[in-house]
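Structure record follows, encoded as structure tokens.
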Amino acid sequence: MSHKLTLKALAPVTHDTNHYVFDRPEGIDFEPGQAAALMLDREGWRGEDRPFTFTSQPENTILEFVIKSYPDHDGVTKRLPDLTEGDHVLMTDPFGAITDHGPGVFIAAGAGVTPFISILRRRSRDDALSGSQLLYSNKTEADIILKEEWERMDGLNPVFTVTDEESSDFSQGRIDRKFLEEHVQDFEGKIFYICGPEGFVDDVRDSLKGLGAEADNIITEEGW
């Protein structure tokens, strides 16, 4: 089923990521971490859908998204920042396998952090972040989405790493087996959430299994 959303506000989060606020039509239910596909309500674009995660809470009266744009790709994300208040997009029904399965290690690369925004905000609100950790990889410090918010969350313990910025004070390099061994205390019985590019997800999943994580405790989004 398709829903028509009206843009209420748009504001920058980073140099290439924006926060979008839409009205919320009736009949939309989702869990923190889930997503929906958005389409531009324009001629020639209504069949071009892309999945984006809700960053609002299920009980909110509005729908929010944090979306990274890719100007080099002539697609939906390149055009979303050009929307103005009152413009429309079309949205599918919500879907997604990444939901809150309990405290754990949240592992993200780039825009892959977006499914974790509503989950971690809800846990922070409910004082339920104990036992959670965020491992977050980006190309540069300027690419880190909501860095200050993660640092303010009591009990989260965020660890940032960058791959393309040698002058950064953060960790250098990818999230690989060695990085996981250095920053995760225990692998057996712990829940791991992974989101990012397909190759990133596959590599981290394989590393976690090799370090003793149980396959059923590794939460990912399949088929995006």
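- Of all heavy-atom pairs between A111 and P115, the closest is O-CD, 4.3 Å.
- Side chains of T53 and Q34 form no contact here, defined as non-hydrogen atoms less than 4.5 Å apart.
- Put simply, I119 and L146 are part of the same group of oily side chains (I, L, V, M, F, W, Y) that touch within less than 4.5 Å, one to the next.
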Determine, stepwise, if the pair I218 / K209 fulfils side-chain contact (heavy atoms from CB on, under 4.5 Å). CA-CA 9 Å; I218 300 176; K209 289 180 180 178; 3.9 Å; yes
Does D49 form a side-chain contact (heavy atoms from CB on, under 4.5 Å) with L90? I'd like the steps, not just the answer. CA-CA 9 Å; D49 60 64; L90 302 176; over 6 Å; no
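- A side-chain donor-acceptor contact under 3.5 Å links R24 to the backbone of N60.
- Side-chain contact between F160 and W150 is present, with heavy atoms from C-beta onward closer than 4.5 Å.
- A salt bridge is absent between R152 and E148; no separation between the charged side-chain nitrogens and carboxylate oxygens falls under 4.0 Å.
- Contact check for M39 versus V76: no side-chain heavy atoms found under the 4.5 Å cut-off.
- Expressed to the nearest 0.5 Å, how far CG of D87 lies from OG1 of T84 amounts to 3.5 Å.
- For the pair Y136 (side chain) and G112 (backbone), a donor-acceptor distance under 3.5 Å is absent.
- In the hydrophobic cluster analysis, where Ile, Leu, Val, Met, Phe, Trp and Tyr join through side-chain heavy atoms closer than 4.5 angstrom, I219 is grouped apart from V201.
- K178 NZ: 12 or fewer foreign heavy atoms inside a 6.0 Å radius.
- Cluster annotation: L10 and I117 are assigned to distinct hydrophobic clusters (Ile/Leu/Val/Met/Phe/Trp/Tyr, side-chain heavy-atom contacts under 4.5 Å, transitive).
- Closest approach of P51 to F95, counting heavy atoms only: CB-CZ, 3.9 Å.
- H101 and N217 share no side-chain donor-acceptor pair at under 3.5 Å.
- Taking OG from S2 and CE from M91, the interatomic distance works out to 8.5 Å, rounded to the nearest 0.5 Å.
- The aromatic ring centroids of Y20 and F65 lie 6.0 Å or more from each other.
- A salt bridge links E59 with R122: at least one charged nitrogen is closer than 4.0 Å to a carboxylate oxygen.
- Surrounding CG of D154 are at most 12 heavy atoms belonging to other residues, nucleotides or ligands under 6.0 Å away.
- Residue-environment remark: CG (D169) stays at or below the threshold of 12 foreign heavy atoms within 6.0 Å.
- Ion pairing of R174 with D203 is present here, as a side-chain N (NZ or NE/NH1/NH2) and a carboxylate O approach within less than 4.0 Å.
- For the atom pair CZ (F22) and CD (E64), the distance works out to 11.0 Å, reported to the nearest 0.5 Å.
- For E188, the CD atom sits in a loose shell: 12 or fewer heavy atoms of surrounding residues, nucleotides or ligands are nearer than 6.0 Å.
- Salt bridge D82/R79: absent, no basic N to carboxylate O contact under 4.0 Å.
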Report the C-alpha distance between R121 and E149 in whole Å, list the side-chain angles of each, state the deciding distance to 0.1 Å, and finish with yes or no for side-chain contact (heavy atoms from CB on, under 4.5 Å). CA-CA 9 Å; R121 281 177 174 172; E149 181 172 351; 2.7 Å; yes
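- Residues D100 and Y193 are in side-chain contact: their nearest non-hydrogen atoms beyond the backbone lie under 4.5 Å apart.
- To the nearest 0.5 Å, atom CZ of residue F106 and atom CD of residue Q133 are 11.0 Å apart.
- Counting non-hydrogen atoms of other residues, nucleotides and ligands closer than 6.0 Å to CG of D127 gives a total of 12 or fewer.
- Closest heavy-atom contact between S118 and T55: CB-O, 4.0 Å.
- The existence of a salt bridge linking E214 and K190 is excluded, since no basic side-chain nitrogen approaches an acidic carboxylate oxygen closer than 4.0 Å.
- Between I67 and L38, some side-chain heavy-atom pair lies under the 4.5 Å cut-off.
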What do the steps show when you test H3 against D93 for side-chain contact (heavy atoms from CB on, under 4.5 Å), and what is the final call? CA-CA 8 Å; H3 308 270; D93 286 331; 2.7 Å; yes
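- In this structure, F179 and H183 have tilted ring planes: the angle between them lies in the 30° to 60° band.
- For the residue pair V21 and L7, the shortest heavy atom distance occurs at O-CD1, 3.4 Å.
- In terms of heavy-atom proximity, P103 sits nearest to S132 at CA-OG, 3.5 Å.
- Summarising the geometry, atom OG1 belonging to T6 is positioned 13.0 Å from atom CD1 belonging to I62; distances are rounded to the nearest 0.5 Å.
- Paired with K68 under the rule side-chain contact (heavy atoms from CB on, under 4.5 Å), one option of V13, T17, T77 passes, and it is T17.
- Within the 4.5 Å cutoff, side-chain heavy atoms of L120 are placed close to those of M153.
- Ring-plane geometry between F187 and F192 is classed as parallel, the angle between the planes falling under 30 degrees on a 0 to 90 degree scale with a further cut at 60.
- In this structure, I98 is a member of the same hydrophobic cluster as L156, with clusters built from ILVMFWY side-chain heavy atoms closer than 4.5 Å.
- Between the side chains of E141 and S168, a donor-acceptor pair is found at a separation under 3.5 Å.
- At least one side-chain heavy atom of L135 sits less than 4.5 Å from a side-chain heavy atom of V105.
- Checked for salt-bridge contact, K8 and D23 miss the test: no charged N lies under 4.0 Å from a carboxylate O.
- Atoms CG and CG, from D143 and D16 in turn, are 6.0 Å apart once rounded to the nearest 0.5 Å.
- Among all heavy-atom pairs drawn from G102 and R123, the shortest one is CA-NH2, 3.3 Å.
- No single ILVMFWY cluster, assembled from side-chain heavy atoms under 4.5 Å apart, contains both I194 and F116.
- With respect to the salt-bridge test (charged N to carboxylate O, under 4.0 angstrom), the residues E48 and R50 qualify.
- Counting only heavy atoms from C-beta outward, the side chains of T163 and S137 approach each other to under 4.5 Å.
- The closest side-chain donor-acceptor pair between N138 and T140, if any, does not fall under 3.5 angstrom.
- Shown are T161, I144, V159; of these, the side-chain contact (heavy atoms from CB on, under 4.5 Å) with F170 is made only by I144.
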